[in-house]
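Bear in mind that the values here come from a model prediction, so they are computed numbers and not experimental data.
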Amino acid sequence: RFWKTTLLLPWALGVALLLAMLLGLVEALGPWELDQHVMEDLLAEYPPALIFLLATAVAPVIEELLFRGPLWFFRDSRYFKAAFWGLTILFALIHLSNFPQLNDLWVMAPLLVSPQFSLGIFLGFIRVRYGLLYAMLFHAGYNGILLGPALLIYPTP
């Protein structure tokens, strides 16, 4: 299970990279400025090591319990698909809070959270196929791979 889950990680990261590049292209071609992200505020207030710990240990556990945990209640239900997709969409939408300037960018909301939506699909598959613990580990690894290098190069005050 561990190795099968690990093999999905490059795919999830690749999809996220493609979506990020698409987002960058849309930003470059359009009148939008998407440079304001909540991470900048966090880095101004907290040490990078704490942010990394929260993003790789705390957030994956809480988010997986909230957004993939409830799938257990629908496992034998005809509403399973609706629950799966509904929770995946909610997972993506909760990440709109990462963009404080969203009032000006609401039309961009689906594209802004498309990486989280695609991640939610991977996490849901892993949850159903291998279990909640593997979804948590995958989520932690994904966050660590994306956030770790950024925190290492971010200038500390």
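Residue L123 is grouped with residue L146 when hydrophobic side chains (ILVMFWY) are merged at heavy-atom distances under 4.5 angstrom, including chains of intermediate members. Taken together through direct or relayed side-chain contacts under 4.5 Å among Ile, Leu, Val, Met, Phe, Trp and Tyr, I145 and V58 form part of one hydrophobic cluster. In the hydrophobic clustering of ILVMFWY residues, with side-chain heavy atoms under 4.5 Å counting as a link, I121 and L23 come out together. Linking ILVMFWY residues whenever their side-chain heavy atoms come closer than 4.5 Å, directly or via other members, leaves L65 and Y142 in distinct clusters. When hydrophobic clusters are built by joining Ile, Leu, Val, Met, Phe, Trp and Tyr residues whose side-chain heavy atoms come closer than 4.5 Å, directly or via intermediates, W72 is not grouped with L132.
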**Message:** Run H95 and E63 through side chain to side chain contact (heavy atoms under 4.5 Å, CB included) and show every step you take.
**Reply:** CA-CA 11 Å; H95 288 88; E63 289 180 350; 3.4 Å; yes
**Request:** Take V128 and F80, measure what side chain to side chain contact (heavy atoms under 4.5 Å, CB included) needs, and give me the verdict at the end.
**Result:** CA-CA 11 Å; V128 170; F80 178 82; 3.5 Å; yes
**Asked** Do M39 and L147 pass the side chain to side chain contact (heavy atoms under 4.5 Å, CB included) test, and can you show the C-alpha distance, the side-chain angles, and the key distance before you say yes or no?
**Response** CA-CA 10 Å; M39 187 58 68; L147 194 58; 3.7 Å; yes
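Here the closest non-hydrogen pair linking F138 and L119 is CE2-CD1, 4.0 Å. Taking both residues in full, the closest heavy atoms of L66 and L87 are given as O-CD2, 4.2 Å, listed atom of the first, atom of the second, then distance. V61 approaches M136 most closely through the heavy-atom pair O-CE, 4.0 Å. Of all heavy-atom pairs spanning A135 and I126, the tightest one is N-CG2, 3.6 Å. Summarising the geometry of A55 relative to P60, their closest heavy-atom pair is O-CD, 3.2 Å, with the distance given to 0.1 Å.
Remark: side-chain polar atoms of S77 are not paired, donor with acceptor, to backbone N or O of F74 under 3.5 angstrom. The backbone N or O of T56 lies less than 3.5 Å from no partner atom in the side chain of N143, so there is not a single donor-acceptor pair.
L112 CG to F99 CZ: the interatomic distance, rounded to the nearest 0.5 Å, is 4.5 Å. I89 contributes atom CD1, which lies 8.0 Å from atom CH2 of W85 (distance to the nearest 0.5 angstrom).
In this structure the side chain of F117 never reaches within 4.5 angstrom of the side chain of L93, judged on heavy atoms.
Around CZ of R78, the count of heavy atoms belonging to other residues, nucleotides or ligands within 6.0 Å does not exceed 12.
With H139 as the fixed residue, the ring-ring contact (aromatic ring centres under 6.0 Å, His included) test singles out one of Y134, F122, F67, F91: F91.
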Enumerate donor-acceptor pairs with a distance under 3.5 Å from any side-chain N or O in residues 2-21 to protein atoms, sequence neighbours excluded.
from, atom 1, to, atom 2, distance (Å)
T5, OG1, R1, O, 2.7
T6, OG1, F2, O, 2.7

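For R68, the side chain to side chain donor-acceptor pair (under 3.5 Å) test picks out E64, with sequence neighbours left out.
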